[in-house]
Each structure stands twice: as structure tokens, then as C-alpha cells.
Amino acid sequence: MIALVDVNDFYVSCERAFAPRLEGLPVGVLSNNDGCVVARSRELKALGVAMGAPMHLLPPAIRRQAVLLSSNYALYGDMSRRVNAILAEFSPDVEVYSIDESFLGFAGIEPATLEAHGQRLRETVRRDTGLPVCVGVAPTRVLAKVANRLAKRQPAFEGVCPLEADSDVTRHVLERLPVVELWGVARRTGERLALMGIDTAWQLRQADPARIRRAFSVVMERLVWELRGHPAIDIEDLAEPRQRILVSRSFGRLTGEPSDLQAAVRQHAARAAEKLRRQGSLARAVQVFLRTSPFPVGAPQYRNSVVVPLARPSADSRDLLEAAGRGLAAILREGYRYQKCGVMLLDLVSGQARQLSLLEEVQSETTRGRSQRLMATVDRLNREMGRDTVRFGLPRQDSPWALRCERRTPRYTTRWDELMRVKTG
DNA sequence: TCTGGGGTCCTAGGACCC
DNA sequence: TCTGGGGTCCTAGGACCC
């Protein structure tokens, strides 16, 4: 059996764990730039605020009533690590799926004790972190997702719901579950399934896998098997290095200044390079993209991207920034007001098992060693002394592309200075 | 004035080769 | 005048997730 453990309204629950006065209030957490609502408490959902609703379009009455906070990723990331450390005590086999969800192998646990095991897990997480979690247990990941949803919505389960592959309960549940509520089915696929007369999860389970594969893809076929209780989905091992690394941001306000874009692209490239080195990889190409805002009606639109191959695989910020700068120069057009740009590192290879190319041999061991030591020093200084202690190029004060986050709560668990301010201020 | 960010997988179709 | 066909590799873009 597989358990899916999921923190209820994760970002909101993290905020509440440190500010109990938020309990019972309609609370929302906003995306970068305080743009959209990306997490909602039960009370905020009840007010009709949709996931992803743009903040500036919320009715004034709701904005007055609700507590809307900027996102505090340092806090959420740290809380997530704490939760997973606890989960590891309940299973030797934890797959971290996202910041607020993990799959646990529950093999070898007596079916009769599954529920009690799940309840102990819930209580431990609650006691040690203050966060509420729900647990769904089933033979496959897709069914565990369904079970988790039940655990969350039906109070009778008290947060833990086991679901067998073949039972009257399972059939009853799947018959009432719209197919678009399933993990892996969204609007587009839902529309096409509806044309085939498939509206519920149960109908999809009963469909012919070969037919589903022809009409859609192997992904959808696996979903059918999973619904029947046959495991067909492997989750990527999160210990595996990423295949691409992306850093992108919307600007705090639109800008057409080439120097703004250059500064932003350099910063994104530097951040991406840090992520690259953290996972011990080298990149063979750098992609740069930019775009105008799709929202203002009538404003001229432009979006473009370019891939710049590197002469040799590199994790040196100087190489990556240089390539990103060339890429930007190739696609930047004047006369537009840009909303977003980003840098993606592609074609990643392991730093150890790197293949030597002819070109690469030209670079001496000495040069390579020097580059690695320099980058290691930069990363260490930034880690120990704070982000941006060392950076490439000149900092700019008050740049238009700086993020807005006016409503962020203190980083309680990772910054002493901010914690002290809470206590004394 | 203000509309997120970072990933994955899969497929279609073009480029290229013989 | 007639202008192949099949295989492989790669990339862009679609769809989805949290």
C-alpha cells in the first residue's frame, strides 16, 4: 500500500503555526509580486475567492475582510523539511512529491492497523510542527490521491482514509468523482473524454486501456491501470538531479529599458548557476526568454526565446552569464514594455561523469580547478553571509524589476534577526 | 498600477541520412 | 518528364502538476 500525506492548505497553515491569531480568519497567501492568491484558508474559499485570483481584482469587501500575506518561501521550505523528517520515522520509503505532499511506502503494515498508523502519523506531525495533515492510503498513487481527498473532505474519516482497489466503497466513490478531478486530468483532456462519453472516474476505469492510449497517450492509459489498482506510475526519485533549471520572474512593473533587462537576466543566470552547482551538474546550453504582458489590450506584444550552446559544459557563473547576455542581446527588441524574462539551463550533465570533448581538453586542469574553487568560494560566502554578498556585476538600487512583497511575515525558522524583531517589537 | 514560478512527460513534425 | 521511402534524432509546444 501507498500513503499520500498532504498538509492542509500548506502555506496558510505555516503562517498560522506561528500566528495563532490567524486561526478562524479568512487567510490567503499571495504569489510573487503579491500578484495572485495561491493558497487559501477554508474561510477564504468560503468567501468565493478562487485559486489564482488576481489580487487587484478582488472585491474591496473581501480585501478588507481577508488577511492577505506575501509568500514566505524560506519559512515554507523549512517547514516542509521538518514534516518530511517526521515522515521518515513512519516509513523507510518517502518520496517527496512537492513542497506539501509526500508518498510513503506502507508495505508490510497490517491492513487492520493502517488506520491507527495513519492517525499516529497525523498526531506526531501536528504536535511537532503545528501543521494539520491528511493521509490517504491505497494500492496505487492515483487511488491514494482519491483517498486523500476523501480524508480531507469527509469529517467522518478524521483525516485518514484507506481505500481498497475493489470494494463497494471504492466504486461508490469513483462513480461520484468527476473525471476532471482526477490527478492528471485537467480541462483539455476532460473535454475530449466527455466527447467519448466518459465523465466520471469510474467510467474511465472501465474504459479499454488500448483505446484510451490510442485516443490520448500512454499517460492516460497508465491512469486507467492505476484506477483499477495496478501500479503504473513511477515517481521520479527526487534525489535525482533536475534535467532543467529555470529562474524567471515577472517585473515589479513593466520596463522597456535594456539595462533593466540585462540586470535581471544576469541575476537570474547567477541564481540558476547556484542551483546548478548545488546539484553538482554542468550545463551545455543556456536559454533566455522574455515577453511582454498579455493583459493590456492593444499594447504591442512580443515574446521570444533563444538557446545559446556553450563551448564546453560549465557551471561557472561567468560562462553562464556571458552566454545569457549574448542570448538576451539576440532577442531584445526596443519599443516594448516587458513583463517577464527568465534563464533556463539545459542539457545538464553530471559534473563527475562528464565526457571530455576535444574542445574541453584544451582547457587545462589548472583553469578548471581554479574555476571550481572560485565558484565554491562564492557559493559559501553567499550561503554564510547572506544572499548577494558576492555577485557578478553592479547592484542597482530600487530597480523597477525588484519584487514587491509588502506583506511578508517574518522568516521565523531561518532568520534569528526577524524572530527577535517579533519578540521585542 | 497591480495577473506566479518551477518543474515533468509526451508527441508531432522537421531535419537529416541512406 | 519523371522527383522515394523509411528510420532516427532533435526540438517546440501542449498538457499537466503543485
Side-chain angles (χ1 to χ4, degrees), chain A residues 4 6-11 28-40 50-58 63 68 70-71 73 76-77 80 96-103 141-142 145 148 179-193 213-223 232-238 240-255 268 271-272 275-276 279 284-285 287 289 291-297 299 303-307 309 337 339-348 400-401 403-407:
Chain A
L4 174 60
D6 168 299
V7 183
N8 306 349
D9 309 322
F10 179 58
Y11 295 171
V29 175
L30 304 168
S31 63
N32 272 336
N33 282 321
D34 296 343
C36 298
V37 179
V38 292
R40 304 160 296 158
M51 182 68 177
M55 203 232 333
H56 73 278
L57 295 182
L58 292 181
R63 292 170 68 163
L68 297 169
S70 300
S71 39
Y73 289 106
Y76 311 147
S80 178
V96 180
Y97 176 66
S98 75
I99 195 165
D100 68 336
E101 274 175 71
S102 291
F103 289 103
R141 291 181 176 79
V142 166
K145 274 275 197 184
N148 182 281
V179 74
V180 288
E181 306 275 317
L182 280 174
W183 188 38
V185 181
R187 191 174 51 90
R188 295 301 177 98
T189 309
E191 287 167 0
R192 291 170 57 197
L193 282 168
R213 181 178 190 141
R214 276 195 306 276
F216 296 90
S217 71
V218 63
V219 178
M220 202 56 48
E221 183 194 0
R222 288 183 193 136
L223 190 50
I233 295 179
D234 287 322
I235 303 292
E236 332 77 61
D237 184 352
L238 255 91
E240 289 290 300
R242 299 262 173 240
Q243 298 173 22
R244 306 174 195 182
I245 288 172
L246 169 68
V247 177
S248 71
R249 291 287 182 282
S250 299
F251 297 122
R253 59 173 194 272
L254 306 183
T255 175
H268 298 341
R271 199 75 78 215
K275 290 190 189 183
L276 182 70
Q279 71 166 34
R284 291 198 283 208
Q287 181 172 31
F289 67 87
R291 66 161 210 226
T292 54
S293 170
F295 293 105
V297 277
R303 60 161 64 204
N304 206 348
S305 76
V306 63
V307 175
R337 303 184 68 227
Q339 183 241 351
K340 182 174 187 169
C341 67
V343 171
M344 202 176 337
L345 304 182
L346 306 169
D347 220 347
L348 307 189
W401 46 277
L403 284 184
R404 293 189 312 267
C405 55
E406 292 153 1
R407 304 149 173 266

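These numbers were taken from a predicted model, which means no experiment stands behind them. Throughout, protein chains are lettered first and strands after them, A, B, ... in sequence-line order, and every chain is numbered starting at 1.
In terms of position on DNA chain B, the residue among A:S217 and A:M55 whose nearest nucleotide sits closer to the 5' end is A:M55. Mapping A:Q243 and A:P54 onto DNA chain B by nearest heavy atom places A:P54 at the nucleotide closer to the 5' end.
The OG1 atom of A:T255 sits 8.0 Å away from atom CZ of A:R337, with the distance rounded to the nearest 0.5 Å. Rounded to the nearest 0.5 angstrom, A:R407 CZ and A:D34 CG are separated by 6.0 Å.
With a 6.0 Å radius and a threshold of 12 heavy atoms from other residues, nucleotides or ligands, A:R63 has its CZ atom above the threshold.
Taking atom CG of residue A:N33 and atom C1' of nucleotide B:dT1, one finds them 12 Å apart after rounding to whole Å. Protein atom CZ of A:R244 is 15 Å distant from nucleotide atom P of C:dC10, rounded to whole Å. Regarding A:R253, its CZ atom lies at a distance of 13 Å from the P atom of B:dT3, rounded to whole Å. With rounding to whole Å, A:R192 atom CZ is found 9 Å from C:dC16 atom P. What separates NE2 of A:H268 from P of B:dG4 is a distance of 14 Å, to the nearest Å. Remark: C1' of B:dT11 and CZ of A:R188 are 16 Å apart, rounded to the nearest angstrom. A:E101 places its CD atom 11 Å from the P atom of C:dC17, with the value rounded to the nearest Å. Between the CZ atom of A:R291 and the P atom of B:dT3 there is a distance of 10 Å, given to the nearest Å.
Of all heavy-atom pairs between A:R192 and A:A215, the closest is NH2-O, 2.7 Å.
For the pair A:R141 (side chain) and A:I233 (backbone), a donor-acceptor distance under 3.5 Å is present. At least one donor-acceptor pair closer than 3.5 Å links the side chain of A:N148 to the backbone N or O of A:L4. Looking only at distances, no side-chain donor or acceptor of A:S248 sits under 3.5 Å from a matching main-chain atom of A:C341.
Among the heavy atoms of the strands, none lies under 4.0 Å from A:V307. Residue contacts shown for A:L182 are limited to sugar-phosphate atoms, with no base heavy atom under 4.0 Å away. At the heavy-atom level, A:S71 lies nowhere under 4.0 Å from the strands shown. At a threshold of 4.0 angstrom between heavy atoms, the contacts of A:D100 are confined to the sugar-phosphate backbone, with no base atom among them. Within 4.0 Å of A:L30, counting heavy atoms only, lies no atom of the nucleic acid at all. Within the nucleic acid shown, A:R222 comes within 4.0 Å of sugar-phosphate atoms alone, with no base atom in reach, counting heavy atoms only.
The side chain of A:C36 sits closest to B:dG4 out of B:dG4, B:dG5, C:dC18. Of the candidate nucleotides B:dG4, C:dC17, B:dT3, B:dT3 has the atom nearest to the side chain of A:F295. For A:S250, the listed nucleotide lying nearest its side chain is B:dG5; candidates were B:dT3, B:dG5, C:dA15. Of the candidate nucleotides B:dG6, B:dT3, C:dC18, B:dT3 has the atom lying nearest to any side-chain atom of A:H56. With distances taken from any side-chain atom of A:R242 to the nucleotides B:dG7, B:dC10, B:dG4, the minimum falls on B:dG7. Among B:dG6, B:dT3, C:dC17, the nucleotide with an atom closest to any side-chain atom of A:R249 is B:dG6. The listed nucleotides are B:dG4, C:dC18, C:dC16; the one nearest the side chain of A:A186 is C:dC16.
Nucleotide C:dA12 forms a pair with B:dT11, judged by Watson-Crick or G-U wobble geometry with both contacts under 3.5 Å.
For C:dG4 and B:dC16, the C1' atoms lie 15 Å apart once the distance is rounded to whole Å.
Not one side-chain nitrogen or oxygen of A:S98 sits closer than 4.0 Å to the OP1 or OP2 atom of B:dG7. In this structure, A:Q339 reaches the B:dG4 phosphate: one of its side-chain N or O atoms is under 4.0 Å from OP1 or OP2. Proximity of A:K145 to the phosphate of C:dC17: no side-chain N or O atom is located under 4.0 Å from OP1 or OP2.
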